[in-house]
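Below is one structure, written out as structure tokens; comments come after it.
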Amino acid sequence: MDAVATPAAPRWFELHQSAASRVRGWLARKWVRRLLYLVAFGYLLFIGVWVTFAAGLPSSEKLLAYQPPLPTNVRGYDGQPVQTFARERRVELDYDEYPPVVVQAIISAEDKTFFEHGGIDYPGLFGAVGDFVTKKATGGGRARGGSTITQQVAKALLQDDAYAVSRKIREAILAFRLENTLSKEQILELYLNQIFLGRNAYGIQAAARAYFDKDVTDLALHEAAYLAVLPKAPSNYDPVRATQRALDRRNYVLREMHNNGYITEAQWRDAAARPLGTIRYGSNEKFRQQGGYFMEDVRRELIRRYGEGTEKGSNGVYAGGLWVRTSMDPKMQDAAAEALREGLARFDGGRGWRDLGLSVDLDGDWRGELDRAAVGTGFPDWQKAVVLSKSGGSADIGFTNGDTGVLPASAAVQPKRGTSTAAFNFLRPGMVIIVKKTGGNSYALRSIPEIGGGFVAEEVRTGRVLAMQGGFDARGSSYNRATQALRQPGSTFKPIVYETALENGMTPASIIPDAPFCVWQGAGLGNKCFRNFDGNYAGPKTMRWGVEQSRNLMTVRAASQTGMQKIVDTAKKLGVGDYQPYLSIALGAGDTTVLKLTNAYAMLANHGRALTPTTIDYIQDRNGKVIFRTDNRCEVMEGRCNAPDWDGKAMPRPPSRTKQLLDPQASFQMVHILTGVVERGTATVLRDLNRPLFGKTGTTSGPTNVWFIGGTPDVVAGVYLGYDQPRSLGGGAQGGRIAAPIFKQFAQAAFKDVPPVPFVAPPGIRMVRIDRTSGRRVFGTFPVREDPKSPVIWEAFKPETEPRRTIRREEAAANADQAGERPRRRASATRERPRQSAPRPQSDQPADSDFLQRQGGIY
């Protein structure tokens, strides 16, 4: 059989075989195989490094959703900023809001090829690596940086400042991810908002405020150039401590801006010739210290709700960028703070100079130590200082900013507390003191009061707290005595006793004996006898008189007659306290706070409607969404409160935000009685304010605390003074002498230019003319408004509880000449003759005015 011829291989197969042969030939060479192994190893190494170091880095989605930490901004009731809560002071702006000069300065100073590279500046990176190796080998310190703006953003996101290669690798990976996820403008926006620039300022806008008290849009060329030097190391270019270095670096940035074509040579030369022009640290933050105790109360409430950082969500106080509208009235807050401080200083001033017990090391950073010393100076013109040296008749003193002054011995002559020796003799170098400038470079010694106190002002209709001061200065003591200090209220508790009595049958004209009163407390305790403050008795008097003169014996009698259980129930209902039904509670022996008692008085002025004291009106997140509102009445209106359009129904009426706790008529009666305390009683120091006021003073046993609580139909305020560790204030201490003048100073400032508003009676109240002393009804004459001690006054009564006429007028006229027998016959006539409704005969009887003159103005 003939052999079959094998067909020739296709051309492509021959080419393939030839190529394969050549590859095998190349692979047979050792250096080629090693090169391939090296490439494979490098690839695997790259994958391993990427997997190892990329773990835990933010994903693209997280980068797109990233929001830098923002401070919480707090505003007063009028919307004006009053405080910020921040660990990083930052204002977030869009890229388009930054002027070109700022962007050009940053690019020139930090990364002039930013818009060209892909996240890594390789020449700069290799130079930094070489420097790192050299420094590691020679121990020459920290290597120079080679980071681009993208890498700096990555570093900020990582929040890792470790000096290690691993951190740089993670930075590089995240920088690539940033470049692939965000645009150059978005990356630069993050940088401009995130970077730390000193003075607790993060971002360009915050730094512009911190260094120049300007917005970024108002920065001049030389100012923008200075801010651009700060990202490297803010402390190295401090405008005060390193002025020349800061100028040199700023001028370098200006030169780079010129070289990059951003500015002309003329602009460069002009800007380089200018001084830095920065302001002193903190001089632009005038509102920060306003409402210290009020703002601390707000801060604590926010932390309770949202946490400090992100542990409870994205709305943390120091990172969430909250916008908080508070109820604080800046005018009233300033008035309250000043009035209480001056009251504390006035009381404490005659007791000598008090050593703070603080000192600093003069051989170290004494300025920093002095700045950190927990001392609140209170008054704007008081400063904390340290004694630098002392010789002869003067002492040299230093301040936190490095300034110095002189304290003459003649300005420190007051004795040290507990001694008869001048305070100047006790001064020593390093001692922290409080001084006040008296002129030139001379200062006088001052003393922080040892006594404490609290003040609260509240809006009657809503319960919103308008002002709160919990001591002399929150920087020296964060203990808020307005909300945290439990104190016995003394006689300021009495209105709760009488309010309960008025709800249970008594009237303002009820007669209560001011006479000895004792109760049997059992075999173990024996008899308990109460006494008045002055130790005297006045006999039977009206309830009004007993309140105005703050008579203890009348109060315990009224409490005993009404029932202590009812009184403590009223106190609990008003939120004053939960007490046992002991008669001593009627005289203010139970602990409470000035905020609780002020709120109770506000409820009396609000016709007995419930109030809850609040300091926050509403809270918005960083995007403006309301996440909390104190007044939530709209939520129960089924969407009609914020309806987009009219639904054809009647206008929606928000429901009342309060409920009725007390009898409104009794509440008004109590407030009306308390106006007499100001007109004729223990708070007459307030009479010349010339506006409708009610209130009550209080002094506890010892006396250890003095109080005043009262106000207008719109605002109620309360104040107390006392030592934190209760002890006697001195024999002459009384609420009318110490506490009421503090309220007066507050009212003079807070109510200035506010028109007087009368107290409005609820429906059903009957205003009846009575004799102020006896409580009997008066006919034919009217009160003398100009005379607070007019024998005839208007008194408020519930229907059918007002005093009745006790004798027919014609009988009184017939027996006018028998003055000695009138009382007996008048009483007899009352028993024997019923009241008649027949018309009064028009006989020849004396006129009402003549009758009242002969009867001494009563009846």
Side-chain angles (χ1 to χ4, degrees), residues 76-78 80 82-83 285-298 326-350 375-384 434-437 444 446-459 465-483 485 594-595 598 615 683 685-686 688-689 691 693 695 706-712 715-722 735 737-754:
Y77 84 107
D78 56 355
Q80 295 300 311
V82 293
Q83 181 65 282
E285 299 165 334
K286 304 176 180 64
F287 67 85
R288 280 192 183 177
Q289 298 303 327
Q290 187 171 14
Y293 285 100
F294 193 111
M295 290 299 115
E296 176 61 16
D297 191 80
V298 170
T326 69
S327 58
M328 190 185 85
D329 183 335
K331 177 182 177 182
M332 288 193 181
Q333 178 63 37
D334 288 345
E338 184 175 358
L340 183 60
R341 283 172 184 154
E342 292 196 5
L344 296 173
R346 187 165 53 243
F347 179 87
D348 202 70
V375 179
T377 58
F379 297 108
D381 55 350
W382 287 18
Q383 303 178 63
K384 59 182 175 181
I434 304 298
V435 296
K436 176 182 178 180
K437 193 170 188 177
R446 291 292 182 265
S447 181
I448 300 296
E450 183 181 9
I451 191 173
F455 190 107
V456 171
E458 183 177 328
E459 190 175 58
V465 177
L466 303 174
M468 179 189 296
Q469 185 69 12
F472 188 74
D473 194 310
R475 291 169 293 180
S477 170
S478 62
Y479 178 52
N480 191 337
R481 296 159 187 83
T483 60
V594 67
L595 176 63
T598 300
T615 56
V685 67
L686 307 176
D688 59 3
L689 290 173
R691 63 174 58 245
L693 291 171
V706 290
W707 293 71
F708 175 82
I709 300 180
T712 70
V715 177
V716 172
V719 58
Y720 96 91
L721 271 72
R737 295 177 181 174
I738 299 175
I742 295 175
F743 172 86
K744 182 177 183 178
Q745 182 177 340
F746 162 79
Q748 287 171 332
F751 301 147
K752 185 180 180 181
D753 302 325
V754 176

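No donor-acceptor distance shorter than 3.5 angstrom exists from the side chain of Y479 to the backbone of A474, with no hydrogens or angles considered.
For F379, the ring-ring contact (aromatic ring centres under 6.0 Å, His included) partners at least two apart in sequence or on another chain are W382, F472. Residues satisfying the side-chain hydrogen bond (donor to acceptor under 3.5 Å, both in side chains) test with E338, not counting sequence neighbours, are none. Under the ring-ring contact (aromatic ring centres under 6.0 Å, His included) criterion, F708 pairs with F743, sequence neighbours left out. Under the side-chain hydrogen bond (donor to acceptor under 3.5 Å, both in side chains) criterion, K744 pairs with D688, not counting sequence neighbours. Under the rule for a side-chain hydrogen bond (donor to acceptor under 3.5 Å, both in side chains), Q748 has no partner lying at least two apart in sequence or in another chain. Taking Q745 as the reference, E342 meet the side-chain hydrogen bond (donor to acceptor under 3.5 Å, both in side chains) condition, with sequence neighbours excluded.
Residue M468 holds its CE atom at 14.5 Å from CE of M332, rounded to the nearest 0.5 Å. Once rounded to the nearest 0.5 Å, the distance linking CD of Q383 with CZ of R446 reads 12.0 Å. Between atom CD1 of residue I434 and atom CD1 of residue I448 there is a gap of 4.5 Å, rounded to the nearest 0.5 Å. With rounding to the nearest 0.5 Å, the separation of CD1 in I738 from CD1 in I451 is 7.0 Å. A distance of 4.5 Å separates CE of M328 from CE of M295, quoted to the nearest 0.5 Å.
The shortest side-chain heavy-atom distance between L721 and L340 falls under the 4.5 Å cut-off. Under the 4.5 Å side-chain criterion, counting only non-hydrogen atoms from C-beta, R475 is in contact with T377. Looking at heavy atoms from C-beta onward, T615 lies out of side-chain contact with T326 at the 4.5 angstrom threshold. In this structure, the side chains of D348 and E450 come closer than 4.5 Å at one or more pairs of heavy atoms. Proximity of Y720 to R481: side-chain heavy atoms (C-beta onward) are separated by under 4.5 Å at one or more points. Annotation: side chain of F294 is in contact with side chain of V465 (closest heavy-atom distance under 4.5 Å). Side-chain contact between V719 and Q469 is absent, with no heavy atoms from C-beta onward closer than 4.5 Å.
Shown here is R737, whose CZ atom has no more than 12 heavy atoms of other residues, nucleotides or ligands within 6.0 Å.
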